[in-house]
Undergrad: 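For reference, the structure I am asking about is given below.
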Amino acid sequence: MNRYPALIDGEKGAYGVVFPDLDGIVAMGETIDAAMLNAEEALRDAALEAEKDGAALPAPSAPEDVHVPDGATLVSVPLIALSGKSVRANLTLDEDVLAFIDAESKRRGMTRTAYVNWMARRVAQMGG
């Protein structure tokens with residue numbers, strides 16, 4: 001899985017993400033979390049569009065090679081391909097972990113499955 005360097009900036013209620021390696025690929029969000037999830041989707045969409053055109057995204061730059069302007073923060077966004085095919089997984093979890101998952105999914109208005117998918121993507125964004 002490739003991870004692309006990205007720059008996030010903004011202020012409370014309006015955050016933006018740009019990819020130094022990918023001109024024109026941007027994402028926005030009211031929160032940093034939302035901006036990061038939107039950045040992941042924008043990156044995936046860019047990869048799909050490149051593939052449709054018979055091309056590929058350029059290789060990501062090393063994070064230490066990215067210039068970070070004042071006010072911006074360097075983050076890493078994973079390129080996670082989605083097959084669109086659901087696969088059943090039987091998991092054994094500590095009951096308190098499951099209680100947390102159920103409480104958080106309810107609080108967020110999500111199903112347990114949607115929350116676990118979202119949580120896995122967040123962990124991937126943080127470097128796995």
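None of the values given here were measured: they were computed from a predicted structure.
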Undergrad: Any chance you could measure Leu93, atom CG, to Phe100, atom CZ, to the nearest 0.5 Å?
TA: 12.0 Å
Undergrad: Does the side-chain contact (heavy atoms from CB on, under 4.5 Å) test come out yes or no for Tyr4 and Ile25, once each step is laid out?
TA: CA-CA 12 Å; Tyr4 280 81; Ile25 308 301; over 6 Å; no
Undergrad: Quick one: side-chain contact (heavy atoms from CB on, under 4.5 Å) partners of Val66, sequence neighbours excluded?
TA: Pro5, Leu7, Pro20, Ser61, Leu74
Undergrad: Output all residues satisfying salt bridge (charged side-chain N to carboxylate O under 4.0 Å, His left out) with Arg107, sequence neighbours left out; order by chain, then residue number.
TA: Glu104
Undergrad: Just jot down the salt bridge (charged side-chain N to carboxylate O under 4.0 Å, His left out) partners of Lys52, sequence neighbours excluded, or say none.
TA: Glu49
Undergrad: Do you know the tightest heavy-atom contact between Arg3 and Pro60?
TA: O-CB, 3.3 Å
Undergrad: Are Val116 and Trp118 connected into the same hydrophobic cluster when the rule is that any two of I, L, V, M, F, W, Y join if their side-chain heavy atoms are below 4.5 Å apart?
TA: yes
Undergrad: side-chain contact (heavy atoms from CB on, under 4.5 Å) for Leu98 and Leu91? Distances and angles first, verdict last.
TA: CA-CA 10 Å; Leu98 183 59; Leu91 302 172; over 6 Å; no
Undergrad: Roughly how far, to the nearest 0.5 Å, is the CD1 atom of Ile101 from the NZ atom of Lys106?
TA: 16.0 Å
Undergrad: Got a second to check how far Leu57's CG is from Asn2's CG, nearest 0.5 Å?
TA: 8.5 Å
Undergrad: Please tell me if the side chains of Val17 and Asn38 come closer than 4.5 Å, counting only heavy atoms from C-beta onward.
TA: no
Undergrad: Around Glu64, counting heavy atoms of other residues, nucleotides and ligands shown, do more than 12 lie under 6.0 Å from its CD?
TA: yes
Undergrad: Heavy atoms only: give me the nearest Tyr15-Ala35 pair and the separation to one decimal.
TA: CB-CB, 4.0 Å
Undergrad: Can you see which heavy atom on Ser76 is nearest to which on Met36, and at what distance?
TA: O-CE, 4.0 Å
Undergrad: Starting from Phe19, can I reach Leu79 by hopping between I/L/V/M/F/W/Y residues whose side chains sit under 4.5 Å apart?
TA: yes
Undergrad: Please give me the minimum heavy-atom distance between Val77 and Ala6, naming the atom from each residue.
TA: CG2-CB, 3.9 Å
Undergrad: List the residues meeting salt bridge (charged side-chain N to carboxylate O under 4.0 Å, His left out) with Asp21, not counting sequence neighbours, and say none if there are none.
TA: none
Undergrad: Between Leu22 and Met28, is there shared hydrophobic-cluster membership here, with clusters defined by ILVMFWY side-chain heavy atoms closer than 4.5 Å?
TA: no
Undergrad: I'd like to check the salt bridge (charged side-chain N to carboxylate O under 4.0 Å, His left out) partners of Glu51; sequence neighbours left out, ordered by chain and number.
TA: none
Undergrad: Identify the two heavy atoms, one from Ala42 and one from Ala27, that lie closest to each other, and give their separation to 0.1 Å.
TA: CB-CB, 4.4 Å
Undergrad: With salt bridge (charged side-chain N to carboxylate O under 4.0 Å, His left out) as the rule and sequence neighbours excluded, what pairs involving residues 78-102 come up?
TA: Asp102-Arg112
Undergrad: Are Leu37 and Met110 in one and the same hydrophobic cluster, where Ile, Leu, Val, Met, Phe, Trp and Tyr link if side-chain heavy atoms are under 4.5 Å apart?
TA: yes
